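Accompanying notes for the structure given below.
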Amino acid sequence: MKSILFVVFLVASASAVPPFLRKNSLLPDGRIVGGSSISISSVPWQISLQYYGSHICGGSIISANYIVTAAHCTDGLTAGSLTVRAGTSTRGSGGQVVNVARINQNPSYNDRLIDYDISVLQLSSSLSLGSSVAAVGLPSSSTSWSAGTSVLVTGWGTTTEGSSSLPSALQGVNVQIVSQSTCSSAYGSGSITDRMLCAGVTGGGKDACQGDSGGPLVVGNVLAGIVSWGYGCARNGYPGVYSNVPALRSYIQQTAGI
């Protein structure tokens, strides 16, 4: 298995680093590379998942009471340590801040393969929906997209590989769906499962990596993927790997009733 580059971000204290940031084997993707600032009004489903008030991951609003993020963002954490900030292009200020009441982490999540990488968070109170806070569309379990389909990924992750500095402004970049066979060839046999979706650009240079983990990959206003993992960030020949939302749609229905 290829090693995955990662960055440990500043959180509440050194001893309070979330478990997924302390590992150094197969580690998740999560920052926007090669993108530009984007307004929250263009992606009103985007949230910042915060651990004791510090950004650790992204996520997507699926209703006034539920958020979808990556399981690796919640693994080993308690609901009481997490809040979400919604409705702002700036991860550290503005918008609405709501506590997480319950973490529904997929019980099949595999932290070695980063498979079944999805958690559904129930909020302690409802978000006030509006122009800058809105639910993303959800695909059916039978939805698929052909290779080359343009998709948008957004988040507050670092903008260069190896950096530990997060941008304050929300970033976005357009990439394209990559076929399962091409992605499997890049990462090796058995690395890419049916619960994964790959996206990138020819020649590299645009991607999501640390800090964007758990955030949305959308086709229009429909959630296609959840930022999950990858080899480095924006490297030529290694597309980003995302949780495949259609393949995990039944879990969202089971936990959130949506």
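Predicted model only: the values in this text are computed from it and were never measured.
Heavy-atom contacts from other residues, nucleotides or ligands closer than 6.0 Å to CG of Asp194 number 12 or fewer.
Residues Tyr251 and Ile118 have side chains in contact (heavy-atom distance under 4.5 Å, counting atoms from C-beta outward). Counting heavy atoms from C-beta on, the side chains of Asn244 and Met196 never come closer than 4.5 Å. Looking at Val222 and Leu138, their side chains never come closer than 4.5 Å, going by heavy atoms from C-beta outward. Looking at Ser141 and Pro246, their side chains never come closer than 4.5 Å, going by heavy atoms from C-beta outward. Between Trp45 and Val43, the closest side-chain pair of non-hydrogen atoms falls below 4.5 Å. Within the 4.5 Å cutoff, side-chain heavy atoms of Leu248 are placed close to those of Ser243.
Closest non-hydrogen pair, Val175 versus Ala199, comes out as CG2-CB, 3.8 Å. Contact detail for Ile103 and Ser119: the closest heavy-atom pair is CG2-OG, 4.3 Å. For Pro216 against Ser60, the heavy-atom pair with the smallest separation is CB-OG, 3.1 Å. Residue Ser63 comes nearest to Ile258 through the heavy atom pair CB-CD1, 3.5 Å, listed as atom of the first residue, atom of the second, then distance.
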Practice task
Go through the steps for Arg85 and Arg91 under the test side-chain contact (heavy atoms from CB on, under 4.5 Å), then give the verdict.
Solution key: CA-CA 7 Å; Arg85 185 183 292 273; Arg91 60 180 167 79; 5.8 Å; no
Problem - Derivation of the side-chain contact (heavy atoms from CB on, under 4.5 Å) call for Asn110 and Tyr116 - result: CA-CA 7 Å; Asn110 183 317; Tyr116 292 92; 5.7 Å; no
Exercise for the section: Under the side-chain contact (heavy atoms from CB on, under 4.5 Å) rule, what do Ile62 and Val136 come out as? Steps first, then yes or no, please. Expected result: CA-CA 6 Å; Ile62 58 170; Val136 69; 4.2 Å; yes
Exercise for the section: Starting from the C-alpha separation in whole Å, work towards a yes-or-no answer on side-chain contact (heavy atoms from CB on, under 4.5 Å) for Leu197 and Leu217. Expected result: CA-CA 10 Å; Leu197 178 72; Leu217 179 82; 4.0 Å; yes
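When atom types are taken as modelled, the side chain of Gln171 and the backbone of Ala169 share a donor-acceptor pair closer than 3.5 angstrom. Remark: the backbone N or O of Asp117 is not paired with any side-chain donor or acceptor of Arg195 at under 3.5 angstrom. Judged by distance alone, with hydrogens and angles left aside, the side-chain atoms of Trp156 form a donor-acceptor pair with the main-chain N or O of Ser89 at under 3.5 Å. Between the side chain of Asn104 and the backbone N or O of Thr255 there is no donor-acceptor pair closer than 3.5 Å. Distance alone, capped at 3.5 Å, places no donor-acceptor pair between the Thr90 side chain and the Ser93 backbone. Here the side chain of Thr149 pairs no donor or acceptor atom with the backbone of Trp145 at under 3.5 angstrom.
Hydrophobic clustering, with ILVMFWY side chains joined whenever heavy atoms are under 4.5 angstrom apart, keeps Val178 apart from Tyr187. Both Val100 and Tyr51 are part of a single hydrophobic cluster, where members link through side-chain heavy atoms under 4.5 Å apart. Under the 4.5 Å side-chain contact rule for hydrophobic residues, Ile56 and Val97 do not share a cluster.
The only option from Val68, Leu49, Asn65 that meets the side-chain contact (heavy atoms from CB on, under 4.5 Å) definition with Leu121 turns out to be Leu49. When each of Thr83, Thr69, Ile61 is tested with Ile47 by the rule side-chain contact (heavy atoms from CB on, under 4.5 Å), just one qualifies, namely Ile61.
Atoms OG1 and CD, from Thr88 and Gln96 in turn, are 10.5 Å apart once rounded to the nearest 0.5 Å. Between the OH atom of Tyr238 and the SG atom of Cys198 there is a distance of 13.0 Å, given to the nearest 0.5 Å. For the atom pair CD1 of Ile114 and OG1 of Thr193, the computed distance is 11.0 Å after rounding to the nearest 0.5 Å. Residue Ser124 holds its OG atom at 11.5 Å from CG of Leu82, rounded to the nearest 0.5 Å. Annotation: the span from Ser39 atom OG to Leu170 atom CG amounts to 8.0 Å, rounded to 0.5 Å. Atom CD of Gln176 sits about 5.5 Å away from atom OG of Ser150, to the nearest 0.5 Å.
Checked by atom type, the side-chain pair Ser140/Thr143 shows a donor-acceptor distance below 3.5 Å. A side-chain N or O of Ser213 and one of His72 form a donor-acceptor pair less than 3.5 Å apart. Side-chain atoms of Thr154 and Gln46 form a donor-acceptor pair, as typed in the model, at a separation below 3.5 Å. When only modelled atom types and interatomic distance are considered, Gln105 and Asp75 share a side-chain donor-acceptor pair under 3.5 Å.
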What side-chain donor-acceptor pairs closer than 3.5 Å can you find for residues 127-135, not counting sequence neighbours?
none

